[in-house]
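In what follows, residues are counted from 1 in the order of the sequence shown. Bear in mind the structure is a predicted one, so any value in this text is a computation, not a measurement.
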Amino acid sequence: MAALGAVHAAKKVLRKEIKARLAAMTEEEKYRQSEILTQRLISNPKYQASKQVSLYLSFSNEVSTEGILRHIFQSGKRVFIPRYVGDKMDMLRLFSQEDYDSLPLTKWNIKQPPDDDNTRDDALFAGGLDLIIMPGLGFTPEGHRLGRGKGYYDSYLKKCAVLPSGQPYTIALAFREQMCDHIPVSEHDMTVDEVLFVEK
């Protein structure tokens with residue numbers, strides 16, 4: 001492993017580079033790739049076999065998860081979505097499309113349950129998760145991931161690892177523009193099991 005300071009510096013440079021690539025994408029191209037990746041995920045055997053799924057709620061520079069969310073509700077799976085409070089992330093149950101529509105927006109323009117909402121099942125106490133659909137800024141085909149620097153998912157996966165249900169399978173969805181030949185990693189960075197991306 002490279003020295004931690006050098007890894008952080010290299011990640012900062014790479015984040016800037018990927019953000020510039022994403023900013024250059026048209027809405028049409030984001031939509032095209034998102035549709036392809038939605039169908040690819042829905043036909044993935046790990047997704048089809050899953051019963052308890054964590055799904056990120058996408059914003060403008062991420063692969064859209066709206067179609068995936070609709071499919072989860074239609075197929076009878078249980079879905080859990082992130083709630084970020086300070087430096088902590090929980091995965092809370094989302095019950096329906098109407099439930100999703102009623103969620104408030106955060107300052108990042110992402111929907112999530114309010115901080116004082118204690119009515120939802122927490123995935124860690126509701127049997128764990130079979131599958132986590134991972135967001136991120138950059139990925140390699142081998143599963144190395146560049147997050148946005150907060151470490152939410154790395155920390156959450158470590159919590160999952162000690163549950164009786166064990167570590168969930170992880171799948172990342174990436175625009176072609178997010179794919180990298182190499183991502184600098186440290187010992188705290190978790191690897192994604194599978195990265196789905198559009199090659200052309």
Side-chain angles (χ1 to χ4, degrees), residues 1-47 50 53-65 68 82 84 87-89 91 108-110 129-162 166-200:
M1 296 288 178
L4 203 54
V7 168
H8 282 309
K11 284 183 176 181
K12 189 174 180 180
V13 170
L14 188 55
R15 282 191 184 99
K16 188 174 179 181
E17 185 183 307
I18 296 169
K19 284 177 181 177
R21 282 188 234 154
L22 290 170
M25 289 182 73
T26 64
E27 292 305 313
E28 291 78 12
E29 181 60 14
K30 289 177 192 173
Y31 177 81
R32 183 187 78 84
Q33 292 192 40
S34 292
E35 287 293 293
I36 292 169
L37 291 169
T38 295
Q39 293 308 313
R40 202 172 287 175
L41 178 73
I42 287 170
S43 63
N44 184 288
K46 291 288 187 180
Y47 172 81
S50 66
V53 182
S54 159
L55 181 70
Y56 70 93
L57 300 182
S58 54
F59 64 97
S60 61
N61 278 345
E62 293 178 318
V63 173
S64 173
T65 56
I68 297 165
Y84 306 95
D87 60 356
K88 181 184 168 198
M89 179 181 74
M91 291 292 177
W108 303 288
N109 211 33
I110 304 170
L129 294 162
D130 306 315
L131 175 65
I132 297 180
I133 310 300
M134 299 275 287
L137 195 54
F139 304 93
T140 68
E142 299 76 28
H144 289 144
R145 171 181 174 270
L146 180 69
R148 296 181 184 271
K150 300 290 188 183
Y152 288 122
Y153 277 84
D154 294 320
S155 299
Y156 191 80
L157 285 167
K158 287 181 175 73
K159 288 184 196 173
C160 292
V162 301
Q167 188 80 279
Y169 194 78
T170 53
I171 298 178
L173 305 177
F175 293 126
R176 183 176 66 240
E177 288 76 3
Q178 294 177 277
M179 297 304 295
C180 305
D181 294 329
H182 171 74
I183 288 174
V185 294
S186 71
E187 60 185 315
H188 303 294
D189 295 322
M190 304 291 280
T191 303
V192 180
D193 292 313
E194 192 172 349
V195 182
L196 302 183
F197 64 99
V198 179
E199 294 188 26
K200 56 184 173 180

If I take atom [atom1] from residue [X] and atom [atom2] from residue [Y], how far apart are they, to the nearest 0.5 angstrom?
{"X": "Met89", "Y": "Lys159", "atom1": "CE", "atom2": "NZ", "answer": "7.5 Å"}
{"X": "Cys160", "Y": "Met91", "atom1": "SG", "atom2": "CE", "answer": "8.0 Å"}
{"X": "Asn61", "Y": "Leu22", "atom1": "CG", "atom2": "CG", "answer": "5.0 Å"}
{"X": "Tyr156", "Y": "Thr170", "atom1": "OH", "atom2": "OG1", "answer": "13.0 Å"}
{"X": "Lys88", "Y": "Ser155", "atom1": "NZ", "atom2": "OG", "answer": "12.0 Å"}
{"X": "Leu41", "Y": "Ile36", "atom1": "CG", "atom2": "CD1", "answer": "14.0 Å"}

Ignoring hydrogens and angles, tell me if any N or O in the side chain of Thr140 forms a donor-acceptor pair with the backbone of His144 under 3.5 Å.
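Checked: pair present.
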Check for a donor-acceptor pair, side chain of Ser34 on one end and backbone N or O of Tyr31 on the other, with a separation under 3.5 Å.
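No, Ser34 side chain to Tyr31 backbone: no donor-acceptor pair under 3.5 Å.
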Closest heavy-atom contact between [X] and [Y]?
{"X": "Pro184", "Y": "Ala10", "answer": "CG-CB, 3.7 Å"}
{"X": "Ala174", "Y": "Leu37", "answer": "O-CD1, 3.3 Å"}
{"X": "Lys11", "Y": "Leu146", "answer": "CG-CD1, 3.6 Å"}

[X] versus [Y]: any side-chain heavy-atom pair under 4.5 Å?
{"X": "Leu173", "Y": "Tyr56", "value": "yes"}
{"X": "Pro168", "Y": "Leu131", "value": "no"}
{"X": "Tyr153", "Y": "Ile132", "value": "yes"}
{"X": "Arg145", "Y": "Asp154", "value": "yes"}
{"X": "Met190", "Y": "Gln167", "value": "yes"}

For Arg40, salt bridge (charged side-chain N to carboxylate O under 4.0 Å, His left out) partners two or more places apart:
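Partners of Arg40 by the salt bridge (charged side-chain N to carboxylate O under 4.0 Å, His left out) criterion come out as none, since no residue qualifies.
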With sequence neighbours excluded, what pairs up with Glu28 under the salt bridge (charged side-chain N to carboxylate O under 4.0 Å, His left out) test?
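Glu28 satisfies salt bridge (charged side-chain N to carboxylate O under 4.0 Å, His left out) with no other residue.
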By ring pair (Phe, Tyr, Trp, His ring centres under 6.0 Å) - contacts of Phe59 (at least two apart)
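Applying ring pair (Phe, Tyr, Trp, His ring centres under 6.0 Å) to Phe59 gives none.
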Pairing residues for Tyr169 by the ring pair (Phe, Tyr, Trp, His ring centres under 6.0 Å) criterion, not counting sequence neighbours:
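Counting only residues at least two positions away or on another chain, Tyr169 forms no ring pair (Phe, Tyr, Trp, His ring centres under 6.0 Å).
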My understanding is that only one of Asp130, Ile133, Leu129, Ile68 makes a side-chain contact (heavy atoms from CB on, under 4.5 Å) with Val53; could you say which?
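It is Ile133; the other options fail the test.
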Could you walk me through whether Ile171 and Met134 pass the side-chain contact (heavy atoms from CB on, under 4.5 Å) test, one step at a time?
CA-CA 6 Å; Ile171 298 178; Met134 299 275 287; over 6 Å; no
Examine Phe197 together with Phe139 and report whether their ring centres are nearer than 6.0 Å.
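Here the rings of Phe139 and Phe197 have centres that are no less than 6.0 Å from each other.
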Given the rule in the side-chain contact (heavy atoms from CB on, under 4.5 Å) test, do Asn44 and Glu194 qualify, once you have shown the distances and angles that lead to the verdict?
CA-CA 10 Å; Asn44 184 288; Glu194 192 172 349; 2.9 Å; yes
Please list every donor-acceptor pair under 3.5 Å in which a side-chain atom of residues 176-183 meets a protein atom from a residue at least two apart or in another chain.
from, atom 1, to, atom 2, distance (Å)
Glu177, OE1, Gln33, NE2, 3.2
Gln178, OE1, Phe175, N, 2.9
Gln178, NE2, Gly136, O, 3.0
Gln178, NE2, Leu137, O, 3.2

With sequence neighbours excluded, tell me which residues meet side-chain hydrogen bond (donor to acceptor under 3.5 Å, both in side chains) with Arg15.
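By the side-chain hydrogen bond (donor to acceptor under 3.5 Å, both in side chains) rule, Arg15 matches no residue at all.
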